[in-house]
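Residue numbers start from 1 in every chain, and the chains themselves are labelled A, B, ... in the order their sequence lines are given, proteins ahead of strands. Fair warning: this is a prediction, and the values are worked out from it, not measured in the lab.
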Protein chains: 2
Amino acid sequence: MTIKEVSNKYDITQDTLRYYERVGMIPTVTRTSGGIRDYQEADLQWVELAICMRSAGIPVEAMIEYVKLTQDGESTIPARLQLLVEQKENLLEQREKIDKMLERLSYKIKRYEVAVETGKLTWD
Amino acid sequence: MTIKEVSNKYDITQDTLRYYERVGMIPTVTRTSGGIRDYQEADLQWVELAICMRSAGIPVEAMIEYVKLTQDGESTIPARLQLLVEQKENLLEQREKIDKMLERLSYKIKRYEVAVETGKLTWD
DNA sequence: TCTTGACTTAGAGTTAACTCTAACTATTAT
DNA sequence: ATAATAGTTAGAGTTAACTCTAAGTCAAGA
């Protein structure tokens, strides 16, 4: 699969795909004899993981560290486990913050809905 | 309340407090006769809202827009409502992404836990 | 009165995560 | 064979959200 196809498939720019590879957020992608990227299934799985992590807000740095560890063999499994557990905790924290804000928003929205209906702002 | 006290209370730098005010993320804070910030209860509520929104990942731009609308009287209530509904939808989307990643992380973590116990990586 | 420490503003600098540019090479269609 | 298209790298530029610096003002204690 060419970089263009991958770009379309995952709706991500070619620049970003090259950037992810360059900084080590995904391992080096398979090339053709001419040196052109030719994404294999394994490469695509890395891309997909990278996109998923980034969209959840996990920093590029963490992903780079994880990729490094996977390249260094099975002795790094405990370190990988620790890294993933840390990121999971971060995400749980972030979800807490979002939930808190969602509640607050719901309250304000209800208040404004009443105001729009009645023409008057009520409470506080 | 001085900026220092607010800074300590909410664990946010004085620089950031001034920045929030400067860009209009919170309305202008009450001053002493000498021009020094003297946060009143209403000011603190804005600060708290700003911190809550930012920690949930709502962009500064959206908050600025919201503050502008609140300064422009009750005629802007429908616009405020729309803004808040949009932000709520964004947060729900973001939470979805986090949940997806959390599931993925849990799966990987389980796999690595088994690997650490048995000394062997299983599945895929 | 003098100094210390907290405050002020304006504006420059930093960081993360892209995003773009330039100069070049390779592949494909005519 | 050659033009158009798509790819390559190295490195500069951009954006959001702070964060820091400089130069100055103000209030309280020795």
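Protein atom CG of B:Leu17 is 14 Å distant from nucleotide atom P of D:dC20, rounded to whole Å. Remark: C1' of D:dA10 and CZ of A:Arg18 are 12 Å apart, rounded to the nearest angstrom. Between the CD1 atom of B:Ile36 and the P atom of C:dC7 there is a distance of 8 Å, rounded to whole Å. One interatomic measurement links the two molecules: NZ of B:Lys4 to P of C:dC7, which rounds to 7 Å at whole-angstrom precision. In this entry the distance linking CD of B:Glu21 with C1' of C:dT8 reads 11 Å, nearest Å. Atom-to-atom, CZ of A:Arg31 to C1' of C:dT27 comes out at 17 Å; the value is rounded to the nearest Å.
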Between protein and nucleotides 14-18 of chain C, what N or O pairs are separated by less than 3.5 Å?
unit_1: C:dC18; atom_1: OP2; unit_2: A:Tyr20; atom_2: OH; d: 3.3
unit_1: C:dC18; atom_1: OP2; unit_2: A:Arg54; atom_2: NE; d: 2.6
unit_1: C:dC18; atom_1: OP2; unit_2: A:Arg54; atom_2: NH2; d: 3.4

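Heavy atoms of B:Thr2 sit under 4.0 angstrom from primed sugar atoms or phosphate atoms, though from no base atom. Using a 4.0 Å heavy-atom cutoff across all strands shown, B:Arg37 reaches sugar-phosphate atoms only and no base atom.
A salt bridge links A:Glu48 to B:Arg104: one of the charged nitrogens lies within less than 4.0 Å of a carboxylate oxygen. By the 4.0 Å N-to-carboxylate-O rule, A:Glu61 lies too far from A:Lys68 to be salt-bridged with it. Salt-bridge annotation for B:Asp99 and A:Arg95: present, with a side-chain N of the basic residue lying under 4.0 Å from a carboxylate O of the acidic one.
When each of B:Gly34 and A:Asp15 is assigned the nucleotide of DNA chain D with its nearest heavy atom, A:Asp15 is the one assigned upstream, toward the 5' end.
Residues that satisfy the salt bridge (charged side-chain N to carboxylate O under 4.0 Å, His left out) test with A:Asp15, not counting sequence neighbours, are A:Arg18. Not a single side chain to side chain contact (heavy atoms under 4.5 Å, CB included) links B:Lys100 to another residue, sequence neighbours left out.
Side-chain contact of A:Asp38 with A:Thr32: a donor-acceptor pair under 3.5 Å is absent, judged by distance alone.
Not one side-chain nitrogen or oxygen of B:Gln14 sits closer than 4.0 Å to the OP1 or OP2 atom of C:dA6.
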